[in-house]
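Below, read A as the first sequence line, B as the second, and so on, with proteins coming before strands; counting in each chain starts at 1. Just so it is clear, the structure is predicted and the values come from calculations on it, not from any experiment.
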There are 2 protein chains.
Amino acid sequence: MRRAVAGPGGTVRGPRQGRPTLEEVAERAGVSRATVSRVVNGQTTVAEELREAVEAAAAELGYVPHAAARSLVTHRTDSVALILPESPNRVFSDDQFFPSVIRGVASELDAAGKLLVLLTTGSAEARLRAERYAVGGHVDGVMFASLHDADLLPELMLRRGVPVVCNGLPHLAAPCIDVDHIGGVRAAIEHLIAQGRTRIATVAGPQDMVAGRERLDGYRQALAAADRRAIVAVGDFTAESGQAAMRQLLADEPGLDAVFVASDLMAHGALQALREAGRRVPEDVAVIGFDDIALALFCDPPLTTVRQPIAQIGRSMARAMLRLLEGQEVEPLKVLPTELVIRESA
Amino acid sequence: MRRAVAGPGGTVRGPRQGRPTLEEVAERAGVSRATVSRVVNGQTTVAEELREAVEAAAAELGYVPHAAARSLVTHRTDSVALILPESPNRVFSDDQFFPSVIRGVASELDAAGKLLVLLTTGSAEARLRAERYAVGGHVDGVMFASLHDADLLPELMLRRGVPVVCNGLPHLAAPCIDVDHIGGVRAAIEHLIAQGRTRIATVAGPQDMVAGRERLDGYRQALAAADRRAIVAVGDFTAESGQAAMRQLLADEPGLDAVFVASDLMAHGALQALREAGRRVPEDVAVIGFDDIALALFCDPPLTTVRQPIAQIGRSMARAMLRLLEGQEVEPLKVLPTELVIRESA
DNA sequence: CTGTTAGCGCATTCAT
DNA sequence: ATGAATGCGCTAACAG
């Protein structure tokens, strides 16, 4: 038995003390370190007899390879980071977007035996830490969810030779996964027009993000095609901002009879604002959201919305990353389909 | 210059190739590796002149310490794992529990400059990977959220000398953070009794978890104190199971006039079952949930529920882990308060 | 205050 | 098929 190293008050000092090493396994099995290494890494060039001896010794000692030592020589860690460019509070708020992306990524990496490291970069320090973390070789690659235009981290990582996969910033020399924002929004607007709605407004998302811009573009295009006038207010994807923007729209254009809101969370806020103003949905004002998160079902009335396959974004990002790490080719831009889900609000 | 290693098709092989090392920085700055190391690690015992030279050289080369190399000698990684003992699909589902715990953990670790590694252990392989990951020294410590009784991972890690903090399994030689389930449930039942409800049923949670058992205990205790009979069905914390259990209760005891449901998600299912059965809430049947996640507000009618401070569980776990890693004392069991939030369903 | 030296635990040549 | 030797990049004693 190895002596347990303990501090003054009996407190254990340092995480791991008596962890068995390759060398100890080798000694116990009566072979060289190299042989143990071969067995541990599943090479087939080892005599059955020795292999069994090594396996027995490893089991008895409870040997587990030391990650850092191994990664120091292999330059691989078998883990991948997912960077969420918001604060933890925002990432794990009511908005199901990030959790769903994480779910997709996690299940795909899980299946590949890779580990997921989550990093939020809502602050400048957090961004710096993430950079040092990734560049420091803690992970084999980095995935970004829902990027803002001004975020330099992806480029920086690319320059450092870190494999990168993006969501929300195409044309970046890194594979990008996104959805068909414009197509989805056009379907929504056309649905409103087909209903006979004439004054169709929008609550747009933040304009420093592709998702915000393209959903607004889709709205403008569909309206222009029908020769209608655009009525626009801008939010930041939060419920509060949706409520405020809806109030603004009602003030600007009291006669509006429909609104496309660029996220379900904002749509929930917009519904509140409409209720405050005494407008009935959908009789007076039709409302369509975007995302189709669980909340859409719980809205009153249940929200008609453009569904985007959020978890699928995560899965696709993970798969692209896995291919990248294998040195296989990856398509530079993958666009997933969106779909109008009609419920009661429009 | 180091030879760049490239594969056949020009594909880069292995993530990082020409990354500058301590040695190169030292050479460029005209000092020894040790001096560079001192500067990089912020030691004050370096002459101003040399320090500046080193910093300049490091900046020019874009030097970032190699995590594995450092951790190989320091035995520290500055990152901590949070283990979520469910599948990714369950962890990141409608239930806000895990996301909220993650949020609490992330914000606290963030502030301490530590990194968060998320591991889901919903399958046997995932559990094995998590074990090897933690024991392999990838992280400095491991936190468990919402443990099941039969989960051996915490004990296993403890035996391996990995610092552990738990939620959901007390008495385990590892600090445990939990909430006052029993107190919260008793308050709920007393509220129902004060309303004059006489036949009070419960949809209990899974009985292989402390949260499930204690919430049922609280219910039984409060009923016994009032000399009432217990009416019990069991779910697994999902909405579907809540709906099924509620149907069961209505079949078993058509005359019930109140139900305490051990999670908001199950309560949402129960409300559906009650609606199906034509019972009005709260007129015919009062409903109280547990958790106070966002969904509770969106229920129809808005759900009276026992609030537990979920994000606070995460924060407390993180703080306990940080203290553990500092070698400071940590209280073995921390119980956070719960609180009855009265809305319209009871 | 600085440089020299010696490993950390492992995978991987290269001999045998 | 196996073992001996080497080095990944870094920190920490130890001298000076």
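At whole-Å resolution of the value, NE2 in His75(A) and P in dC10(C) are 17 Å apart. Glu23(A) has its CD atom 11 Å from the P atom of dA4(D), to the nearest Å. Per the geometry, CD belonging to Glu24(A) stands 8 Å off P belonging to dG9(C), to the nearest Å. dG9(C) atom P lies 8 Å from atom CZ of Arg19(A), rounded to whole Å. Going from atom CG of Leu61(A) over to atom C1' of dG9(C) covers 15 Å, rounded to whole Å. Counting to the nearest Å, the P atom of dC10(C) and the CG atom of Leu22(A) are 4 Å from each other. Per the geometry, CZ belonging to Arg33(B) stands 12 Å off C1' belonging to dA12(D), to the nearest Å. Taking atom CD of residue Glu27(A) and atom C1' of nucleotide dA4(D), one finds them 16 Å apart after rounding to whole Å.
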**Steps toward salt bridge (charged side-chain N to carboxylate O under 4.0 Å, His left out) verdict (Glu131(B), Arg127(B))** = CA-CA 6 Å; Glu131(B) 175 192 343; Arg127(B) 209 154 26 242; over 6 Å; no
**Item:** Arg51(B) vs Glu55(B), salt bridge (charged side-chain N to carboxylate O under 4.0 Å, His left out): CA-CA, chis, key distance, verdict
**Value:** CA-CA 6 Å; Arg51(B) 143 168 280 108; Glu55(B) 279 166 354; 3.7 Å; yes
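Two residues are said to be in side-chain contact when any heavy atoms from C-beta on lie closer than 4.5 Å; Pro163(A) and Met321(A) meet this criterion. Residues Asp110(B) and Thr120(A) are in side-chain contact: their nearest non-hydrogen atoms beyond the backbone lie under 4.5 Å apart. Contact check for Tyr63(B) versus Val54(B): no side-chain heavy atoms found under the 4.5 Å cut-off.
Using a 4.0 Å cut-off, some side-chain N or O of Arg70(A) falls inside it from OP1 or OP2 of dA11(C).
Listed candidates were dT11(D), dT2(D), dG9(C). Nearest to the side chain of Thr74(B) is dT11(D). Checked against dT2(D), dC10(D), dC8(D), the side chain of His66(B) finds its nearest nucleotide in dC10(D). If you check dA11(C), dG3(C), dC10(D) against the side chain of Ser37(A), the one that comes closest is dA11(C). The listed nucleotides are dA6(C), dG9(C), dT2(C); the one nearest the side chain of Thr21(A) is dG9(C). Checked against dG9(C), dT4(C), dG3(D), the side chain of Ala34(B) finds its nearest nucleotide in dT4(C). Nearest to the side-chain atoms of Arg38(A) among the listed nucleotides dC1(C), dA5(D), dC14(C) stands dC14(C). Across dA11(C), dG3(D), dC1(C), the shortest atom-to-atom separation from the side chain of Ala47(B) is found for dC1(C). For Leu72(B), the listed nucleotide lying nearest its side chain is dG9(D); candidates were dT2(C), dT11(D), dG9(D). The nucleotide whose nearest atom lies closest to any side-chain atom of Tyr63(B) is, among dC10(D), dG9(D), dC10(C), dC10(D).
Between Ser32(A) and Ala69(B), the residue anchored closer to the 5' end of DNA chain D is Ser32(A), taking for each the nucleotide with the nearest heavy atom.
The main-chain N or O of Ser146(B) is found under 3.5 Å from a side-chain atom of Asn167(B) such that the two form a donor-acceptor pair. Distance alone, capped at 3.5 Å, places no donor-acceptor pair between the Arg19(B) side chain and the Gly161(A) backbone.
Sorted by residue number, the list of members of residues 49-58 of chain A with any non-hydrogen atom under 4.0 Å from DNA chain C is empty.
Results of the side chain to side chain contact (heavy atoms under 4.5 Å, CB included) test with Tyr133(B) over Leu119(B), Val142(B), Leu128(B) single out Leu119(B) as the only residue that passes.
As judged by a 4.0 angstrom heavy-atom cut-off over every strand, Val31(B) is placed among residues touching the sugar-phosphate backbone only.
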